[in-house]
**Student:** 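Handing you this structure, nothing more for now.
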Amino acid sequence: IQVPQNWSSQGDLKGFDFFLTSPVGDNGHSDANISVISGPLPPRVDLEAFYEQNITNLKKNIALLNVIDTGREKIAGY
């Protein structure tokens, strides 16, 4: 995976397989990030419910979280 030179990789962030943050801006915060979470779905849980539960947990565990946009992307054809 290629990462822009001025972005930071947060290697051991609990709950994430991969997490990148953009450089800190004039406001003192990183204005963008890319995160990847992978794993099997729990039994009898559909993808939408799994997604909603993860967003709820992120909002609970990251005080300054502000979800601006989300989306789905294929990685390696999956």
Side-chain angles (χ1 to χ4, degrees):
I1 296 174
Q2 293 180 333
V3 178
Q5 288 183 352
N6 56 350
W7 282 53
S8 298
S9 174
Q10 310 296 319
D12 293 327
L13 195 57
K14 183 179 178 183
F16 294 94
D17 294 319
F18 185 73
F19 193 88
L20 296 175
T21 55
S22 66
V24 174
D26 293 338
N27 62 2
H29 300 285
S30 175
D31 293 324
N33 72 62
I34 297 171
S35 59
V36 175
I37 302 169
S38 66
L41 289 174
R44 297 179 300 282
V45 174
D46 67 24
L47 187 58
E48 193 62 34
F50 183 75
Y51 164 80
E52 290 299 331
Q53 184 62 50
N54 274 285
I55 292 297
T56 298
N57 288 339
L58 286 171
K59 288 179 179 178
K60 187 175 9 175
N61 293 312
I62 302 174
L64 297 176
L65 180 71
N66 181 17
V67 178
I68 296 170
D69 189 22
T70 63
R72 296 180 184 189
E73 187 65 39
K74 287 186 177 187
I75 299 175
Y78 296 96

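Any value given below was found using the heavy atoms of this structure, including those in side chains, with hydrogens, waters and symmetry copies removed.
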**Student:** Listed by chain and number, what are the side chain to side chain donor-acceptor pair (under 3.5 Å) partners of N54, not counting sequence neighbours?
**Tutor:** none
**Student:** Restricting to side chain to side chain donor-acceptor pair (under 3.5 Å), what partner residues turn up for D26, sequence neighbours left out?
**Tutor:** none
**Student:** Which residues pass the side chain to side chain donor-acceptor pair (under 3.5 Å) test with S22, sequence neighbours left out?
**Tutor:** S30
**Student:** Tell me which pairs pass salt bridge (charged side-chain N to carboxylate O under 4.0 Å, His left out) where either residue lies in residues 33-54, with sequence neighbours left out.
**Tutor:** E48-R72
**Student:** Among Ile, Leu, Val, Met, Phe, Trp and Tyr joined by side-chain contacts under 4.5 Å, find the other residues sharing a cluster with V45 and list them by chain and number.
**Tutor:** L41, L47, F50
**Student:** Would you please name every residue forming a side chain to side chain donor-acceptor pair (under 3.5 Å) with Q53, sequence neighbours left out?
**Tutor:** N57
**Student:** Can you list the residues that meet the side-chain contact (heavy atoms from CB on, under 4.5 Å) rule with I55, with sequence neighbours excluded?
**Tutor:** Y51, L58, K59
**Student:** Under the side-chain contact (heavy atoms from CB on, under 4.5 Å) rule, collect the residues that match up with P4, sequence neighbours excluded.
**Tutor:** N6, W7
